Amino acid sequence: MRCLVTGATGYIGGRLAPRLLAEGHTVRCLARRAGRLRDVPWAARAEIAEGDLRKPETLPAALAGVDVAYYLVHSLGQAGFEAADREAAAHFADAARVAGVRRIVYLSGPEPRADGGVPSPHLRSRAEVARILLAGGVPTAVLRAAVIIGSGSASFEMLRHLTERLPAMVTPRWVRNRIQPIAVRDVLRYLVGCATLPPEVNRAFDIGGPDVLTFEDMMQRYARVAGLPRRLVLPVRPLTPSLSSYWVGLITPVPNAIARPLVESLVQEAVTHEHDIAAYVADPPGGLTGFDEAVRLALAKVRDAEVETRWSTASGPDAPAEPLPSDPRWSGGTVYTDVRQRAVAAPPDALWRVIEGIGGEHGWYSFPLAWSARGWLDRLIGGVGLRRGRRDPHRLRVGEALDFWRVEEVLPGKLLRLRAEMRLPGRAWLEMRVEPGEAGASSYVQRAVFLPRGLAGHAYWGAVFPFHAIVFGGMARNIAHHAEHPHPHP
C-alpha cells in the first residue's frame with residue numbers, strides 16, 4: 001500500500017517510516033521542509049512531499065493516491081496548541097476524505113479521566129483530535145498510549161535523568177498514580193499492523209505494556225536495571241503539576257514547555273481498559289515487552305550511540321522556513337556577524353571530525369561557564385536550555401537538535417550550520433567551515449550571524465559583543481588545537 005507519514009521528522013514518525021518500508025509498503029512523508037529528511041538513512045527509498053497541515057491547499061498533492069495516512073503530529077510545547085491541533089486535524093480529515101484515503105491511523109494519549117476531574121489540556125486536545133478524525137468520514141484507528149519507553153523519547157529521558165541524577169527526591173503525590181507504560185517497539189508494531197485493519201473499524205484502542213506501575217515504581221525499577229542504588233522517594237502534597245514541571249525542567253533535558261503537559265498527563269491514572277487491538281494485530285510470540293526489558297533495550301541504544309530518533313528532533317511551526325533569511329523587515333536591514341579564521345596544522349578530515357563532534361558531552365570548546373550560564377538563563381525564561389545534547393556523539397543530520405541549536409545544514413567535510421533555538425530578541429546562526437590548505441593543512445572559518453529584532457535585538461548584540469573574543473575567539477582557537485592534537489574528549 002501507499003502510506004503517508006505525517007510527523008516523519010518527529011520521534012515516532014521517524015521510526016515508523018523505515019518499518020513501513022521494510023514491510024514492502026510505499027512510503028510518502030509529509031514535512032514542511034523536504035530538506036529536514038535529507039540525511040535520514042531511509043530517505044532515498046521514500047517519497048518526500050512538502051506541506052503544512054495548517055495550510056489546506058498543500059494537502060491534496062500529499063494525499064493523492066494514498067491508502068493509509070498516519071497522523072503523528074501535535075503542537076505540544078507551542079503557545080495555543082489546542083487551537084492549532086484542532087485546525088490541523090480538521091484540515092487533514094477533510095483532505096483525506098476528498099482524496100479517497102482508505103484509512104487514518106492516529107497515535108493519541110490516554111483517554112481523559114471520566115470521574116469528573118478536569119483533564120489536562122494536553123490530553124483534552126489529543127481526545128479532541130481523535131474525535132475530529134473519527135468523525136471525518138475516513139475509517140480511523142486511534143491508538144491511545146500512555147508513557148512510551150524507548151531511547152530518545154521525552155518520557156524516557158524524563159525518567160532517566162530524574163532517576164540517575166537524584167538518589168533522593170521530594171516528589172509530587174502523582175508519582176504513586178498507576179501508569180501502564182509501553183515499549184516503543186510495541187507501539188510501532190501496532191502502528192504498522194493498523195495499515196491492514198478491515199474497513200469497518202472506526203474506533204479507539206487502548207495500548208499498553210504488560211506492567212501496571214506507578215512512576216515511583218518505574219524510577220526504582222529503572223535504577224535496578226541501570227545498576228543504581230535504590231532511590232529514596234518522598235511524595236508530598238504541595239508540589240502542583242506546574243511546580244513539578246519546573247522541577248522536571250531543571251533536572252532533565254526536557255524543557256518546561258514540554259515537561260508541563262507530560263506532567264499534567266500523569267496526574268490522572270493511565271491504564272488500559274481493554275485489549276481489543278489484539279483481535280486485529282496479534283501480540284508478538286513472546287508477548288508484549290515488559291518494562292525492565294524496554295529499559296534495557298533503550299539503555300543499550302543510548303550506550304551504543306544507536307538512537308534512531310529523539311524527542312528533540314521535531315521543531316515547532318515557528319521555525320524559519322529557510323536558513324539565513326536575508327534582511328527581514330524587523331531587523332531594520334541590519335545583520336551582525338562575527339567571523340574568525342585560523343590556519344590549522346592538520347588535514348581537513350581531522351578538523352571536520354572535531355567540528356562534527358561539537359556539543360553534547362564534547363562541549364563547545366570555549367569558556368564552559370559562559371555556555372552553561374547561557375543555557376541556565378534560557379531554561380529560566382522558558383527556553384530549551386543547553387542540555388538536549390545530541391543523538392549521536394560523532395555524526396549529525398540536518399534537522400537534529402544539538403543542545404540549544406538546530407542543525408540547518410551539513411556538508412560532510414566542509415560545512416556545519418546551526419540555527420539558535422534559545423530565547424533571543426532575533427535570530428542567530430553559527431557556521432563552521434573547513435577549507436583545504438597547503439601541504440595537507442587546512443583552514444578553519446567560523447561565522448556567527450545575528451539578525452536583531454527591534455531595539456532589544458540591537459541592545460542584546462551590544463551587551464554580548466565584549467565577550468565574543470573570549471567565547472568565539474576561544475572556540476576557534478581550541479577547535480584548531482584539538483584538530484592538531486586529537487584527544488578522546490575535549
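Given the structure is predicted, the values throughout are model-derived calculations rather than measurements.
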Looking at Leu213 and Pro181, what are the two nearest heavy atoms and their distance? CD1-CG, 4.3 Å

Below 6.0 angstrom between ring centroids: does that apply to Tyr460 and Phe450? yes

Where do Leu166 and Met219 land on the side-chain contact (heavy atoms from CB on, under 4.5 Å) test, with the steps shown first? CA-CA 10 Å; Leu166 297 176; Met219 288 190 288; over 6 Å; no

Student check: side-chain heavy atoms of Asp67 and Val101 closer than 4.5 Å: no

Report the C-alpha distance between Arg340 and Arg477 in whole Å, list the side-chain angles of each, state the deciding distance to 0.1 Å, and finish with yes or no for side-chain contact (heavy atoms from CB on, under 4.5 Å). CA-CA 9 Å; Arg340 312 274 167 168; Arg477 183 174 58 253; over 6 Å; no

Could Arg224 and Asp292 be called an ion pair, given the rule that one side-chain N must be under 4.0 Å from one carboxylate O? yes

Look at the side chain of Ser442 and the backbone N and O of Ala346, then say whether any donor-acceptor pair between them is shorter than 3.5 Å. yes

Please check: side-chain N/O of Thr309 versus main-chain N/O of Tyr11, any donor-acceptor pairing under 3.5 Å? yes

Say whether His74 and Arg126, considering side chains only, have a donor N or O and an acceptor N or O under 3.5 Å apart. yes

Which heavy-atom pair separates Gly290 from Pro210 by the least distance, and what is that distance? CA-CG, 3.7 Å

Any donor and acceptor pair, going by atom type alone, linking the side chain of Arg427 with main-chain N or O of Leu451 inside 3.5 Å? no

Side chain to side chain, Arg406 and Arg388, heavy atoms closer than 4.5 Å: yes

Just do the side-chain contact (heavy atoms from CB on, under 4.5 Å) check on Phe367 and Ser372 with the steps written out, would you? CA-CA 9 Å; Phe367 202 1; Ser372 296; over 6 Å; no

Which heavy atom of Gly440 sits nearest to which heavy atom of Pro348, and what is that distance? O-CD, 4.1 Å

Straight-line distance of Arg36 CZ to Glu400 CD, nearest 0.5 Å: 9.5 Å

Backbone N/O of Val445 and side chain of Arg433: donor-acceptor pair under 3.5 Å: no

dist Met422:CE -> Asp403:CG (nearest 0.5 Å) comes out at 9.5 Å

Donor-acceptor pair, distance only, cut-off 3.5 Å: does the side chain of His25 make one with the backbone of Leu21? no

Under the side chain to side chain contact (heavy atoms under 4.5 Å, CB included) test against Arg19, which residue among Val27, Leu191, Leu188 passes? Leu188

In terms of side-chain heavy atoms, does Tyr222 have a donor or acceptor partner in Gln220 at a distance below 3.5 Å? no

Hey, are Glu409 and Arg417 close enough for a salt bridge, meaning a charged N less than 4.0 Å from a carboxylate O? no

Without swapping roles, check the side chain of Thr6 against the backbone of Leu72 for a donor-acceptor pair under 3.5 Å. yes

Take atom CD of Glu438 as the centre, draw a 6.0 Å sphere, and report whether it contains more than 12 heavy atoms from other residues, nucleotides or ligands. no

To the nearest 0.5 Å, tell me how far His468 NE2 sits from Met475 CE. 12.0 Å

Show the nearest heavy-atom pair for residues Ala61 and Arg28, with the distance to one decimal. O-NH1, 3.5 Å

Can you check whether Asn478's main-chain N or O pairs, donor with acceptor, with Arg342's side chain at less than 3.5 Å? no

Are Ile182 and Val147 side-chain neighbours, meaning at least one heavy-atom pair lies under 4.5 Å? no

Closer than 3.5 angstrom, by distance alone: can the side chain of Asp338 be matched with the main-chain N or O of Ala448 as a donor-acceptor pair? no

Would you say Arg165 has more than 12 foreign heavy atoms packed within less than 6.0 Å of its CZ? yes

Validation row: Val449, Tyr336 side chains within 4.5 angstrom (heavy atoms): no

Could you tell me if the side chain of Phe467 sits less than 4.5 Å from the side chain of Arg374, heavy atoms only? no

So does Glu356 pair up with Arg390, basic N to acidic O under 4.0 Å? no

Look at atom CZ of Arg296 and say whether more than 12 heavy atoms of other residues, nucleotides or ligands are closer to it than 6.0 Å. yes

On a heavy-atom basis, the closest approach of Ile179 and Ala146 is CG2-CB, 4.3 Å

Using only atom types and a distance under 3.5 Å, with no angle test, would you say the side chain of Glu87 pairs donor to acceptor with the backbone of Ala84? no

With a 3.5 Å cut-off and no angle check, do the side chains of Thr58 and Asp52 form a donor-acceptor pair? no

With a 4.5 Å heavy-atom cut-off, do Glu47 and Arg2 have their side chains touching? yes

Give a yes or no on whether the backbone of Val339 and the side-chain of Arg447 come within a donor-acceptor separation of less than 3.5 Å. no

Would you mind reporting whether Arg189 and Pro284 have side-chain heavy atoms less than 4.5 Å apart? yes

From Arg160 atom CZ to Leu299 atom CG, the distance as rounded to the nearest 0.5 Å: 7.0 Å

Could you state the interatomic distance from CD1 (Ile479) to CG (Leu351), rounded to the nearest 0.5 Å? 8.0 Å

To the nearest 0.5 Å, atom OG1 of Thr9 lies from atom CG of Leu37 at 6.0 Å

Show your reasoning for whether side-chain contact (heavy atoms from CB on, under 4.5 Å) applies to Met432 and Leu430. CA-CA 7 Å; Met432 290 162 275; Leu430 178 62; 4.1 Å; yes

Asp85 side chain reached by Val73 side chain, heavy atoms, under 4.5 Å: no

Nearest non-hydrogen partners of Phe92 and Ala69, listed with the distance: CZ-CB, 3.6 Å

Are Glu308 and Lys301 close enough for a salt bridge, meaning some N to O gap below 4.0 Å? no

Can we say Glu421 and Arg419 salt-bridge, meaning some charged N sits less than 4.0 Å from an Asp/Glu carboxylate O? yes

For Tyr70, run the side chain to side chain contact (heavy atoms under 4.5 Å, CB included) check against Leu4, Leu20, Leu30 and tell me which one passes. Leu20

